[in-house]
Structures are given as C-alpha cells and as structure tokens.
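Heads up: the structure comes next, in structure tokens.
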Amino acid sequence: MELSKNYIPQDVENKWNTAWKAGGYFKSKPDDRPPYTVVIPPPNVTGVLHMGHTLNETVQDILVRRARMKGFNACWVPGSDHASIATEAKVVAMLKEKGIDKNTLTREAFLEYAFEWKEKYGGIIYHQIEKLGCSVDWDRVTFTMDKDYYGAVIKVFTDLYQKGLIYRGARMINWDPSAKTALSDEEVEYKDGEGTLYHIRYAITDADGNPLQSPVTGENGIIIATQRPETIMGDTAICVNPNDERYAYLKGAFAEIPLINRRIPIIFDDYVDMAFGTGALKVTPAHDINDYNLGLKHNLEIVDTLNEDGTLSEAATIYIGEDRFAARKKIIAELREKGLIVKEETYATRLGYSQRTGAVVEPRISTQWFLKMKELAEPALKAVLDGDITIHPGDRFLATYKYWLENVKDWCISRQLWWGQQIPAWYDSKGNCVVAENEEAARTLYQQQYGSDAVLTQDEDVLDTWFSSWLWPMEVFKGISNPGNADINYYYPTSVLVTGQDIIFFWVARMIMAGLEYNKEKPIVEAIPFRDVYFTGMVRDKLGRKMSKQLGNSPDLLQLIDEYGADAVRFGIMISSPAGNDLLFDTASLEQGRFFNNKMWNALKLVKMWEQKLSVDLPEQDPFATEWFASRLNEVKQQVDKLISEFRLSEALKVIYSLIWDDFCSWYLEWVKPDYEQPVAAAVFYKTINFFSELLQMLHPFMPFITEEINNILGNQNPLCVKTLPVEGAVDGARLAEGELLKQAVTALRDAKARNQLKPKQEITVFLQTENGRVYEKIIPVLARQANATAIELVSEPVADCLNIVLGKDRLYVQAETPVDTAAQKEQLEKDLVYQKGFLSSVEKKLGNERFVQNAKPEVVAMERKKKADAEAKIKAIEETLAQLV
RNA sequence: GGGAGCAUAGCUCAGUUGGUUCAGAGCAUCUGCCUUACAAGCAGAGGGUCCGCGGUUCGAGCCCGUGUGCUCCCACCA
C-alpha cells in the first residue's frame with residue numbers, strides 16, 4: 001500500500017464516519033456494563049455550530065470516547081432545541097422577505113411555515129456534529145418539540161400548576177417590543193451606555209389650581225430629572241422626600257404634566273434620595289419597576305402610554321403611534337421650545353436589551369404565567385453545596401450559583417409567541433381558567449369546577465424555551481412522558497454536563513431543580529440530573545474579542561474542517577483551552593494540529609518501511625530503547641488518567657502530544673531506527689507497532705479520525721473507537737532516569753558540535769570519565785549512534801586535545817579532526833562555573849543556618865546536603881576541565 | 001453598590017497541601033542543517049525583578065495584608 005506524502009484528512013474522515021455508523025459503535029442500549037451518559041446541550045435547531053459549540057462538543061466527545069474505551073456503556077444523546085423566540089424571529093424575518101406579515105397568518109399557517117423552516121435548516125447542525133466526529137447515538141436524536149417531548153412539557157406545567165407552583169397574574173415584567181413578548185429576567189442583558197438626564201419643569205398649583213411658588217427659592221414649579229421624557233404622559237405623581245425642606249410647601253399641592261397639562265398629586269416617600277438630581281421624582285408606575293412599587297404603596301393610577309410594539313398608545317394622548325425613541329426626540333424638542341427643559345446633562349446609564357432580538361426592553365405591566373422558584377431553589381442549592389453535584393472549575397462558579405439561587409425571583413414562563421408548547425390553560429368567556437393536559441380533560445375539569453359547559457378557548461401563549469430544556473436530561477430518555485422506563489432507569493442520572501458558563505442560570509440551575517422535583521422519591525445521588533458540571537470558557541478571537549457576526553471574526557466550522565481537517569480543528573481548540581478559562585481562538589493552533597497529523601503520518605510511513613525488511617533472526621540491538629519507552633508510556637498513561645479525571649483535558653492533550661512527538665518520534669524511533677537500507681529486528685518492529693497502537697489509542701478521544709486510520713493501516717483489525725484501553729503496566733524509575741541521562745548526553749554532544757562548527761554528521765570519538773560507568777554501559781550503544789561517534793571509551797584520566805564537556809559530575813572528551821576552539825569552551829565552562837558556585841553558596845547558606853537545620857523536615861535537610869555534594873562535584877569537574885584547557 | 005476571578009518569557013498558559021537545579025511548556029524569535037519518515041521537518045540556542053509594597057516563616061511564584069491594573073457576574077437610585 002502506497003502512503004501519500006502527507007496526511008489527507010477529507011477522505012479519511014468521511015470513510016470513518018461511514019464505517020462507524022455502519023458498525024453502530026456509538027449506539028447504546030442498557031446492558032450489564034456501567035453507563036456513562038452525556039446529553040448534548042441542544043443547540044438551536046435552525047442555528048449553526050459556532051466555535052463555542054465546537055469546544056463543548058469536542059470536550060464531550062473526548063469524555064464519551066474515553067469512557068467507551070474504558071469499558072463503560074457510553075451513551076451520548078444528540079438533539080436540538082426549538083429555541084422559541086430565536087426561531088420565531090427568524091421565521092418572521094423570512095416571511096417578511098417573502099412579503100408575508102405574520103399578523104395576517106393564522107397560528108396554524110404560521111406553524112406550518114415554522115416547521116417547514118425547521119425541516120429545511122434543522123439538519124445543518126446535525127451534519128456539523130457528525131463532521132466534527134462526535135460519537136453520538138443518532139437513534140436517540142431528540143427535539144424539544146417532538147410529540148412526546150411536547151407532551152412532557154405540558155404534563156410538567158399542569159403538574160406544577162396543580163401543586164400551586166405555577167400561577168397567573170399581572171406583574172411588572174420585561175417586555176421585548178420587537179418580538180412583542182414577555183421575557184424572563186435572565187433574558188435581559190444590561191449594557192452600559194451614555195444617556196442624557198433631562199431636567200424638566202413641572203408647574204405647581206394648590207388644590208384649587210392656583211400657581212404656587214417655592215417660598216425658599218421663589219421659583220415657579222418643580223424640576224424633575226428623567227432620562228425618559230417620552231414617559232411623562234404616564235406620570236401619575238411627583239414624589240419627594242418627606243424630610244426635604246425645599247419641598248415641604250408642596251403638601252396637598254399638585255403638579256401639572258407639561259405638554260398635556262394633566263394634574264397629578266405630589267406624594268411624599270423617603271424612597272426618594274434628596275441628594276440625587278433635584279430630589280424630586282416623577283412617578284410613572286406603568287413604565288418603571290420602582291415607580292410601580294411606589295404606585296402600589298401610594299395607590300396611584302397606572303397610565304400605560306406604550307403599545308406592545310413600543311409605540312406610544314392612545315393613553316399618551318400625544319404622538320400616538322410614534323415609536324418611543326422618535327417620540328422622545330420630538331417631545332424633547334417641544335419641551336425645549338417651550339423652555340421647560342432647564343438642564344441637560346450626560347449620564348452614565350445601563351439599558352436592558354433583549355438577549356435574542358437586541359431590542360431595548362421595556363418594563364411593562366402584563367398578565368403572565370409565573371413559576372414560583374423558592375421551593376425549587378432550595379434543594380437545587382443544597383445538592384451543589386453538599387457536593388452531590390460538582391462544578392468544575394468550582395471555585396469560580398459556586399459563589400455565583402449560590403447567590404442566584406438564594407435571591408431567585410419567580411420565573412415568567414409565558415411568551416407571546418406561537419413557536420413553542422402552547423400553554424394548556426383554557427378560559428371561558430368570563431375569563432375563568434382551568435389547566436389540564438388537553439382540551440378534553442379541561443372540559444371535564446371545567447364541568448367539575450363550574451357545574452356547567454362553556455365554550456373554552458386555549459391560552460394563546462407558549463412557554464419559555466427553557467421551560468422545556470430544563471427537562472432535557474430526563475425527557476431524552478422519556479423520563480417524564482413515560483416514567484420508570486428501562487432507559488431512564490439505566491441512563492439517569494447522566495455522568496457529566498458540559499456547557500458554557502453563560503447558561504448557568506438559564507439551564508444548569510433549572511435542570512437541577514427539575515431533576516430533583518421529579519425524582520423526589522429517590523436518594524439524592526440518583527435524583528440529580530448529572531454528577532459533574534464542566535464549564536467551558538468563552539471562545540474569543542486571538543485579540544480577546546467576543547466572536548460576533550458584526551466583527552466577522554466568527555469562523556465557519558465546516559470551512560475550518562475543510563481546510564485543516566476535523567482532527568486538527570479539535571486539536572487546535574483543545575490545546576489552547578485551559579480548563580474553564582476563556583479561549584483565544586487562533587488558526588495557528590489548528591495549523592499545529594495539522595502538523596501533528598503529518599508527524600504521525602510520517603512515523604507511520606517509517607514503520608511501514610521497516611515492515612518490508614523484517615529480520616526474524618536479528619537480535620534486538622538495543623533492548624534499552626524498548627524498555628525505556630514502555631516505562632515512559634506507562635508513566636504518561638497514569639498522568640493522562642489523572643488529568644482527565646480532573647477535567648484537565650488541555651493538559652492531557654499536551655502530555656500526549658509531547659509523548660508522541662518528542663519521546664516516540666524524536667527519541668525512540670531514532671534510537672531503534674536501523675541504518676539506511678538495513679533490516680530491522682522483528683522483535684523491535686512488533687514492539688514498535690504495539691507502542692504506536694497504544695499511543696493512537698491514548699490520543700483517539702482527542703483526534704478520532706487519524707488515529708483510527710493509522711491504527712487500521714498498522715494492521716489492527718478491530719476499530720480503535722471500541723478497543724478497550726489496556727491495563728496500565730509498571731513504570732521502571734531506573735529506566736526512566738537512564739533515558740533522561742541518555743537524552744542529556746546526546747544533547748550535550750550535539751550542542752558541543754554545533755558550538756564548535758562541527759557538522760552534525762561529523763564522526764567523533766568520545767572518551768567518558770565517570771564514576772557511574774555501569775549506568776552508561778546500557779546507553780552507550782545508542783549514544784554512539786545518536787552522536788555519530790565511532791567509539792565511546794571509558795577513561796579515568798582527562799584526554800588531551802579534545803572538546804571538553806561537563807555533564808553533571810561526568811566529563812566527556814570529544815576527539816575530532818578539526819582543531820579545538822579552547823576560548824569558546826572556556827567561556828562556556830566559566831559561565832557554568834559561576835552558576836554552580838552561586839548555587840553552592842545558596843545551599844551552604846541554608847545549611848549554615850541553624851534554624852533551618854533544626855526546623856526543616858529531615859528529608860529536606862538531607863536533600864540539601866546531597867545538593868551541596870553534587871554541586872561540589874560538578875564544580876570540581878568544571879575546574880579540572882578548565883585547568884586543562886590552558 | 002455587592003460578589004468572584006485574574007496578573008509568571010514577546011504571546012497563550014502550567015506551576016496540586018511552602019523545600020529536589022523551580023523559575024517551566026507550547027507558540028513566536030535567533031543559529032545551523034534540503035541528514036532517504038517528516039522543510040507541514042531536524043538539530044541547537046537565547047529570553048522572565050513570578051504586578052508594586054509590607055508581613056508570616058529557617059525558607060515564599062505558592063500563605064496573609066495592602067495598593068494598582070484587567071475581566072466577569074449580580075443589583076430597582078430617577
């Protein structure tokens with residue numbers, strides 16, 4: 001078989017995706033093995049995978065593949081989220097482009113368009129997940145609007161309603177005027193901005209309508225400060241602090257709203273900060289949460305001057321139908337013109353934006369459905385504080401999680417949208433309401449409650465997307481729609497949840513709540529939805545900026561896979577991904593992944609060449625090399641095991657990368673490599689194949705395609721993805737130490753050549769003066785070949801006219817035909833001598849310190865004594881060498 | 001306003017109960033090599049006041065205090 005010059009990922013990746021699928025290796029059914037369950041955080045059905053997904057999916061795949069290879073029954077469930085508001089916004093936009101206004105459509109017609117859209121674009125993410133090499137069980141694909149899933153959401157709503165945890169009522173909520181729906185608190189993102197604070201004069205009259213002047217300043221009227229002049233028409237009071245002497249004269253007085261001249265009362269409340277602004281506050285209960293509360297307290301009228309789309313309503317009486325921001329400009333202009341604005345100042349403010357549509361959110365009073373959170377939050381907090389669920393990295397997120405749950409407010413779960421689970425509440429013409437899982441049940445219930453039949457109409461609204469995704473770890477196994485089935489019993493709780501830290505409240509906390517609420521009868525460790533939560537950081541560009549469409553710094557995943565190969569993409573994103581920290585994405589790291597592919601590919605080519613020239617009779621030339629590598633391999637296996645169990649995947653990958661590139665390719669293969677066109681000992685060859693196979697297996701979870709391919713070409717019949725990881729073997733510390741000595745000796749000789757203008761291939765003779773000859777004996781054959789030495793002889797006396805190298809306590813003399821540059825050598829040795837002397841003196845100082853010798857642990861003191869002896873020996877070796885270099 | 005995290009080489013980061021030559025890795029840089037697996041490579045090298053200050057200790061990159069500078073989360077002062 002002819003191997004290509006370089007590794008070409010495209011064909012290989014498609015080939016193995018097909019083979020894996022055909023083999024059904026990633027399908028999972030309950031059996032006797034312990035389960036390892038992961039549910040994918042469902043991406044938006046009509047979205048595409050961005051780099052954040054790529055990171056999450058890769059992390060999950062690494063964990064799942066490794067678990068599978070460790071003998072677990074690994075099950076990774078793929079799926080997608082209907083993403084109610086995001087998808088609906090896209091469909092509305094699509095319809096608009098076609099010239100269709102959503103408002104002209106019936107609910108049914110709209111949903112037909114939406115499902116069509118979902119069918120058309122919903123496959124994209126699945127395709128991307130597959131291209132990336134994710135070992136998911138495609139038989140288990142779940143969509144949050146699947147029939148069963150839909151039913152489960154309705155069932156949970158009904159259940160929570162019956163438990164009294166869900167209620168309906170008019171409250172101040174966050175309103176998205178673009179999507180024309182209510183939002184939860186979590187869906188509002190606050191951004192700092194610069195606003196203007198307008199100081200506006202309101203006229204003051206007494207109860208009879210006569211103008212009042214301030215006895216203090218003699219001024220007419222009262223000045224209030226606001227950032228939102230367009231809401232003045234909604235004012236229903238002016239509020240001042242009762243202790244504010246400036247305004248004491250306003251008892252029983254009235255203010256007049258400018259432009260519309262409506263009379264509103266002056267109220268007194270110490271909520272008002274006398275020092276802020278003018279100390280007078282306009283109260284607009286319909287459009288500000290604080291004003292709303294103040295209004296409740298003082299029993300104020302509520303005048304809602306905005307329509308649902310953010311235009312001014314009839315209640316505003318002026319600028320009706322104008323957008324709020326346009327109206328603001330006009331109102332400011334009119335106020336200015338009338339001389340009612342006495343001051344304008346820029347003001348640092350924070351505005352709330354809708355997470356999905358980007359529209360500026362309006363606080364609005366509206367009748368919505370809410371879920372009481374306090375009862376649900378308590379056990380969810382306890383599970384994490386008690387350590388039943390572990391968050392990684394914990395230090396950073398525990399406090400955040402705790403704070404949120406301790407201060408959680410009721411969750412507004414209704415949305416004025418069509419794409420989603422329609423709220424199972426039915427009303428009669430008077431507004432009486434029954435909640436049931438379907439219309440028939442509702443009818444029965446209605447009859448029971450009201451003793452008569454009536455025309456019932458279902459609530460128009462749908463549920464927040466997160467009200468369905470919080471059931472994800474249960475309902476992907478039909479744990480809600482069909483409780484107690486074999487799958488849910490076997491796979492739940494899931495093993496680990498891998499997700500972005502940005503959805504800790506939206507999703508993670510709520511899943512824990514739902515899991516605990518619907519598994520109350522079970523012990524806590526079986527009720528939780530997952531045992532570990534692994535938060536990945538945010539993916540940013542290499543300048544540290546968030547990835548966004550506007551900046552154009554968000555690369556297309558499929559394009560990256562085309563360019564670099566899926567393995568290189570996975571490598572690149574993992575190698576630069578320290579646990580939990582933000583990741584600065586740079587294609588340079590993908591390139592590194594591609595280079596790594598080629599490195600392994602070339603190693604493959606080398607050993608395949610050996611296969612042509614096997615010699616069964618040839619004895620193993622250097623058993624040291626294979627012994628050393630076996631130990632090294634086992635050492636790294638232990639390290640990798642530990643790192644992965646701590647979710648330090650990036651470090652695990654680095655360790656494996658270095659093992660393959662440095663230890664295996666740069667050292668081991670060179671040590672066992674036969675001379676040009678010479679045969680290789682069969683024993684060495686087969687050992688090498690085994691080493692290589694084990695390396696591939698270790699790397700496979702990170703880079704599944706190339707490892708599978710090379711494993712196959714090496715002659716391993718069974719697919720790597722389901723090959724059980726071998727039991728770890730022994731680590732021989734002595735071998736490892738010898739290996740290190742060998743590396744150092746080789747490097748020292750090469751360095752000496754380089755410094756003395758000797759060609760690397762230049763043949764040399766080496767004389768070695770050491771008290772440690774027995775250790776060297778083993779490595780001398782390899783050392784000789786690696787350094788191109790015709791001979792390495794042990795000597796007890798210095799050899800003249802040689803390059804002098806001091807390696808620890810040992811001295812090497814290199815004899816070559818080229819004359820020796822003593823000056824350069826001297827310089828090098830003297831530099832080393834200075835360092836060693838400095839080191840020695842610091843050790844001596846330590847040992848001379850009585851308190852150190854008394855207080856430090858005996859082994860530490862012993863170590864210092866050894867350091868001292870070693871340093872002295874080294875200094876002696878250097879000084880002797882220098883003395884000889886006259 | 002409350003809380004959390006971070007600061008180590010040019011860049012991105014390790015450094016796991018304070019003690020091996022602990023000051024590290026990768027990338028980048030520099031030097032020399034087209035050496036029959038690999039120039040997408042090989043061999044070698046240089047590079048840091050571990051943010052400042054103070055403290056604890058025989059000993060601090062690591063612990064404590066403080067200052068500075070970043071980052072994030074939460075919060076109803078118009």
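Naming convention: chains lettered A, B, ... in sequence-line order (proteins, then strands); numbering from 1 in each chain.
- Across all strands shown, A:Gln786 has no heavy atoms under 4.0 Å from either base or sugar-phosphate atoms.
- As judged by a 4.0 angstrom heavy-atom cut-off over every strand, A:Glu591 is placed among residues making no nucleic acid contact.
- At least one side-chain nitrogen or oxygen of A:Lys673 sits closer than 4.0 Å to the OP1 or OP2 atom of B:rA37.
- In this structure, A:Arg594 places its CZ atom 10 Å from P of B:rG41, rounding to the nearest Å.
- The C1' atoms of B:rG1 and B:rG10 are separated by 39 Å, rounded to the nearest whole Å.
- A:Cys665 comes within 4.0 angstrom of a nucleotide base, judged by non-hydrogen atoms across all strands.
- With no hydrogens or angles considered, no side-chain donor-acceptor pair links A:Lys599 and A:Asn602 at under 3.5 Å.
- At least one side-chain nitrogen or oxygen of A:Lys599 sits closer than 4.0 Å to the OP1 or OP2 atom of B:rC42.
- A close approach under 4.0 Å does not occur between any side-chain nitrogen or oxygen of A:Tyr190 and OP1 or OP2 of B:rC73.
- Close to B:rA28, at under 4.0 Å from its OP1 or OP2, lies no side-chain N or O of A:Lys542.
- What separates CG of A:Asn407 from C1' of B:rG1 is a distance of 14 Å, to the nearest Å.
- Residue A:Thr747 places at least one side-chain N or O closer than 4.0 Å to OP1 or OP2 of B:rG44.
- Side-chain contact of A:Glu709 with A:Tyr7: a donor-acceptor pair under 3.5 Å is absent, judged by distance alone.
- Here the P atom of nucleotide B:rG1 and the CZ atom of A:Arg350 are 13 Å apart, to the nearest Å.
- A:Arg228 comes within 4.0 angstrom of nothing in the nucleic acid, heavy atoms only.
- Taking atom C1' on both B:rA37 and B:rU31, the two are 25 Å apart, rounded to the nearest angstrom.
- B:rA45 and B:rC63 are spaced 37 Å apart, taking the C1' atom of each and rounding to whole Å.
- Side chain of A:Asp751, nearest nucleotide from B:rG44, B:rU16, B:rA39: B:rG44.
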Could you walk me through whether A:Phe702 and A:Tyr657 satisfy the ring pair (Phe, Tyr, Trp, His ring centres under 6.0 Å) test, starting with their C-alpha distance in whole Å, then the side-chain angles of each, then the deciding distance to 0.1 Å, before giving a yes or no? CA-CA 10 Å; A:Phe702 297 87; A:Tyr657 173 78; over 10 Å; no

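- An OP1 or OP2 oxygen of B:rC76 is reached within less than 4.0 angstrom by no side-chain nitrogen or oxygen of A:Asn290.
- Among the atoms of the strands shown, only primed sugar atoms or phosphate atoms (P, OP1, OP2) are found under 4.0 Å from some heavy atom of A:Gln592.
- Residue contacts for A:Tyr401: at a heavy-atom cut-off of 4.0 Å it reaches no nucleic acid atom on any strand shown.
- For NZ of A:Lys542, the number of neighbouring non-hydrogen atoms (other residues, nucleotides, ligands) closer than 6.0 Å is 12 at most.
- When distances run from any side-chain atom of A:Arg755 to the nucleotides B:rA45, B:rC13, B:rA43, the shortest one goes to B:rA45.
- Across the protein-nucleic acid pair, A:Asp662 atom CG and B:rC42 atom C1' stand 12 Å apart, rounded to whole Å.
- Taking atom CE on A:Met863 and atom C1' on B:rC58, their separation rounds to 18 Å, with Å as the unit.
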